[in-house]
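Atom set for the values below is all heavy atoms of this structure, side chains included, hydrogens, waters and symmetry mates excluded.
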Amino acid sequence: MTDMDNKRYGHFNDAQREYVITDPQTPWPWINYLGNEDFFSLISNTAGGYSFYKDAKFRRITRYRYNDVPMDNNGRYFYIKDGDTVWNPGWKPCRTPLDSYECRHGMNYTRITGSKLGVVASVLFFVPLHTAAEVQMLSLENRSQETKHLKIFSFEEWCLWNAATDMENFQRNFSTGEVEIEQQTSTIYHKTEYRERRNHYAFYHVNTPIQGFDTDRESFVGLYNEYSAPQVVVEGKPRNSVAHGWSPVASHYIEVELKPGEKRDLIFLLGYIENEQDKKWESKKVINKEKAHALMDRFATREQVDQAFDKLREYWDRLLDIFVVDSGNDKLDRMVNIWNQYQCMVTFCMSRSASFFESGIGRGMGFRDSNQDLVGFVHQIPERARQRILDIAATQFPDGGCYHQYQPLTKRGNNDIGGGFNDDPCWLIFGTVAYIKETGDFSILDEPVTFDNQPGSEVSLLEHLKVSFNHVINNLGPHRLPLIGRADWNDCLNLNCFSMDPDESFQTTENKSEGSKAESLMIAGLFVVTGRDYVSLCRHLGHNDEADRAQKAVDDMVQAVEKSGWDGKWYLRAYDFFGHKIGSDENEEGKIFIESQGWCTMAAIGKEKGYPERALDSVKERMECEHGIVLNNPAFTTYHVEMGEISSYPEGYKENAGIFCHNNPWVIIGETVAGRGDDAWRHYTKILPSYVEEKYQTLHKVEPYVNCQMVAGKDAACPGEGKNSWLTGTAAWMWYTVSEFILGIQPDYEGLRIDPCLPSTAKEYTVKRRFRGALYHIHVVNPDGHQKGVKRISLDGKAVSGNLVPWSEGEHKVEVVM
Ligand code: BGC
Ligand code: NOJ
């Protein structure tokens, strides 16, 4: 590696909780998310991205161009014309070399600052709490010796609401666009389709008089110009165009005079409004703007914006004060205290819908994804976790199977993808138990919840857990192992698909499962772990018969794995349609897979026989590489029709031997269950963003402050290259792993269980943990360099027997000696 290979583009600022990007030409757009309730924006380090309300497909507010050339087109752009020089604070789209550039991505806000010819322009972007709008405060400062006469052009391009049809139905789209312009408030309204069934419109406003505007893209940009040189900006004169069809945009034109040393703030607001059916219009064809005006009034002054921004910062201060570690290792602390928790909030809000790798028009909320995401945010926003569980459970079928996805806007199961993923039901137990352990709120189990959203079908949530549990034992194969169905966690291990038609989707094509013997060892391990959770929940509720019944089923599964799931040095992955082994030494390719090693070691199956340690050693020997643990080994080099999509990927990518970060934590937890802290730590830090950031910013490519879904594995052309950043279950799993299994602070029904598993070099750390209204200051010391095992614990000076610190109100001191 040369120095150039490790060029640095930015650094962490922990005190501000920011990542500071110092070069606009990052190896890939490095983005951030604004908003955490209903109004969301994606924003890159050059101000690219888009906004939507609740649903990235159906309520897209601004337009984005995916996979474009150059990369990352469309965003909120400010063109500053100073004499003949035109530049943007975020460098793009003009790409005029700047005298200085900085982008600070913080907790739901981004600040981009550029300077040129003595003018500093800094834009603060954020979505205020409980507000359906993005604030963009452009602060200008003249640091030169002369008076500046600047021409400012703002720019946004509207999306015609449905982001999918917006990209394809041009015969209609080019005739529907409508806008209104309100000169006296400097506001451009986007009202396409408002005349018919829509009750919503959007607006783009600035808090100062404008000297012109444009709303028609062709007039503003010019048909054969690019965003880097829109004709209006080049000419320095707006055309006051009014869009009729084609592509409506919004651009304000403002002349700003700045004396030497003078500063000025311009507050732009991109807002979304819904009106009641009978209050849609002010007069014929004129939209009712009452709510829009009220919204503008809330952000009319710098003081108001500062206040709203402070509120947002306080909100994050509160959220990030629930779990705070001080380990003396900055790289660990910044991930645990800031970025990992932040990413969990983003995956909670977005699921897998909108990122620079997910177009926002495809997938809805995943059943398994959302349950797993929950362990990442339940400590921060338990009320929203509660609602999420109830929404998810309502998409289950009476037999315990589930819709694989549901739409966030309607909360209905998604028919296009349907069900049949046989791991799905287990995750409902996983999510619900995590919620109860965090909150102590058993009442959720009594909530009536429908099946498939059908009124009248309500049963208690506890009953939903029961049918989830039963779904596995009602669908066992010839080895008494769980049938895989369409697929388990690995969407691409399609054992019943046999697809030879390139025009059909592996994910949705009809399965040929009639007579199938395809069984999954991953579901087996998952069932043992979540099944034990179900047993202890039932015991807790005093439902001992049910607990006994469930325990028996779990024991049977353990036996089935020991009997038919052990390959000699590791756990098998599956049996295929015909009953042949997958993930066995007998196979030529795909001899070993990560998922079953992870789940079966978490469940410690075959412990007396030494299976878990042997399997974990095999992982080290065969699947660990410099950048993490690959999914399978050896990679598949040809298409296997009996395995489907997994073998469709070139070697080293995605589910074919990529480092699928999501499942690395399963092995890490398996290591902690086996008490091997050094191994757990090594695996953990290989994919911990702060460690990767230090060494591989260029190679890794994607944002260095969050995990990505996949890093190219050792068999790939470019091992270590990351893809699909942000929206991945990795976030929640990294959090769960470090908080509960490495630092070892585990919420349990009666209190906090303390069970760290550390590298032998770790000497001490503290964790401040707010838990059900109480506050615990936990101090762990490890004088003898152990990896696992708590010697003694004291609570407020009194010895505790065992490692459960019982919950009680107030503030407590916990001393732990390993
Ligand atoms: C990807 C999976 C994904 C699935 C469903 C596949 O092509 O490899 O990671 O879960 O599609 O969208
Ligand atoms: C991404 C999906 O969101 C997740 O549910 C799945 O388990 C992984 N892909 C692995 O295929």
Side-chain angles (χ1 to χ4, degrees), residues 38-41 50-65 74 131-134 155-183 185 187-205 213-220 240-251 269-296 353-354 359-362 364 406-412 414-416 453:
D38 295 328
F39 188 106
F40 298 102
S41 299
Y50 58 91
S51 303
F52 64 92
Y53 183 76
K54 280 191 184 168
D55 190 314
K57 178 174 178 183
F58 291 112
R59 294 287 181 281
R60 188 74 65 96
I61 296 169
T62 53
R63 189 177 272 166
Y64 190 71
R65 292 199 171 70
N74 263 26
T131 303
E134 178 183 307
F155 180 79
E156 301 256 12
E157 180 169 356
W158 302 114
C159 180
L160 305 187
W161 301 115
N162 179 326
T165 56
D166 184 70
M167 285 194 290
E168 57 188 29
N169 195 7
F170 303 110
Q171 59 80 23
R172 171 176 165 85
N173 297 349
F174 284 163
S175 293
T176 54
E178 288 190 290
V179 298
E180 269 182 45
I181 296 124
E182 191 181 45
Q183 277 276 4
T185 64
T187 309
I188 294 159
Y189 294 86
H190 177 227
K191 60 170 187 180
T192 300
E193 292 184 349
Y194 188 76
R195 61 164 62 223
E196 28 130 344
R197 295 156 299 173
R198 294 194 184 276
N199 67 343
H200 44 264
Y201 62 79
F203 67 83
Y204 195 32
H205 160 80
F213 61 86
D214 273 286
T215 68
D216 172 58
R217 192 180 75 201
E218 203 176 308
S219 310
F220 181 79
N240 297 340
S241 58
V242 179
H244 297 283
W246 299 112
S247 292
V249 300
S251 170
L269 195 65
L270 176 72
Y272 170 90
I273 300 292
E274 282 178 1
N275 275 337
E276 292 80 45
Q277 196 58 33
D278 56 339
K279 296 204 183 105
K280 277 179 74 166
W281 305 101
E282 182 188 303
S283 57
K284 188 162 172 146
K285 296 182 84 171
V286 180
I287 60 179
N288 179 347
K289 305 184 178 67
E290 247 172 66
K291 288 187 186 172
H293 291 157
L295 192 49
M296 294 167 202
S353 67
S359 64
I361 58 178
Y406 69 97
Q407 285 311 123
L409 206 59
T410 59
K411 298 188 176 174
R412 298 270 159 168
N414 185 341
N415 275 318
D416 296 342
N453 280 290

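Here the side chain of N173 pairs a donor or acceptor atom with the backbone of T165 at under 3.5 angstrom. K280 places a side-chain N or O within 3.5 Å of a backbone atom of Y194 that can act as its donor or acceptor partner. Not one N or O on the side chain of D38 forms a donor-acceptor pair closer than 3.5 Å with the backbone of A132. A donor-acceptor contact shorter than 3.5 Å is absent between the side chain of H200 and the backbone of Y272. Checked by atom type and distance alone, the side chain of D214 never pairs as donor or acceptor with a backbone atom of D216 at under 3.5 Å.
Between the side chains of H293 and E182, at least one donor N or O lies within less than 3.5 Å of an accepting N or O. Under the 3.5 Å distance criterion, with hydrogens and angles disregarded, no donor-acceptor pair is assigned to the side chains of Q407 and T410.
To the nearest 0.5 Å, atoms CD (E196) and OG1 (T176) are separated by 8.5 Å. Within the model, atoms CZ of F40 and OG of S353 stand 8.5 Å from one another, a figure rounded to the nearest 0.5 Å. Distance check: H190 NE2 to T215 OG1 gives 10.0 Å after rounding to the nearest 0.5 Å. Between atom CD of residue E274 and atom CD of residue E276 there is a gap of 9.5 Å, rounded to the nearest 0.5 Å. A distance of 8.5 Å separates OH of Y64 from CG of N74, quoted to the nearest 0.5 Å.
Within the 4.5 Å cutoff, the side chain of V242 has heavy atoms near those of the I181 side chain. A 4.5 Å side-chain heavy-atom check between W281 and V286 finds every atom pair outside the cut-off. The side-chain heavy atoms of T192 and W158, taken from C-beta on, include no pair separated by under 4.5 Å. No side-chain heavy atom of R217 sits less than 4.5 Å from a side-chain heavy atom of W246. Side-chain contact between S359 and M167 is absent, with no heavy atoms from C-beta onward closer than 4.5 Å. The shortest side-chain heavy-atom distance between Y406 and N414 does not fall under the 4.5 Å cut-off. The shortest side-chain heavy-atom distance between N240 and S219 does not fall under the 4.5 Å cut-off. Under the 4.5 Å side-chain criterion, counting only non-hydrogen atoms from C-beta, W161 is not in contact with D166.
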Next on the checklist: Under the criterion side-chain contact (heavy atoms from CB on, under 4.5 Å), I'd like the reasoning laid out for R60 against N162: C-alpha separation, chi angles, the key distance, then a yes or no.
Outcome noted: CA-CA 6 Å; R60 188 74 65 96; N162 179 326; over 6 Å; no
Next on the checklist: salt bridge (charged side-chain N to carboxylate O under 4.0 Å, His left out), that's the test. Do E178 and K285 meet it? Break it down for me.
Outcome noted: CA-CA 11 Å; E178 288 190 290; K285 296 182 84 171; 5.5 Å; no
Checklist entry - When you look at E156 and S51, which way does the side-chain contact (heavy atoms from CB on, under 4.5 Å) test go after all the steps? => result CA-CA 10 Å; E156 301 256 12; S51 303; 5.8 Å; no
Checklist entry - What do the steps show when you test S241 against F213 for side-chain contact (heavy atoms from CB on, under 4.5 Å), and what is the final call? => result CA-CA 7 Å; S241 58; F213 61 86; 5.8 Å; no
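The two residues I287 and K191 make their nearest non-hydrogen contact at CG2-CD, 3.8 Å. Taking all atoms of both residues into account, the shortest heavy-atom contact from I61 to F39 is CD1-CE1, 3.4 Å. Looking at every heavy atom in both residues, N275 comes nearest to K291 through OD1-CD, 3.8 Å. Listed here is the closest heavy atom pair of F220 and F155: CE2-CD1, 3.4 Å. Minimum interatomic distance between A163 and I361 (heavy atoms only, all atoms of both residues): CB-CG2, 3.5 Å. The heavy-atom pair separating L295 from G271 by the smallest distance is CD2-CA, 4.4 Å.
Salt-bridge check for K279 with E290: failed, with every basic side-chain N at 4.0 Å or more from each acidic carboxylate O. A salt bridge links R65 with E157; the closest basic N to acidic carboxylate O contact falls under 4.0 Å.
Relative to the six-membered ring of F203, K289 misses at least one condition, a distance below 6.0 Å or an angle of at most 45° to the axis.
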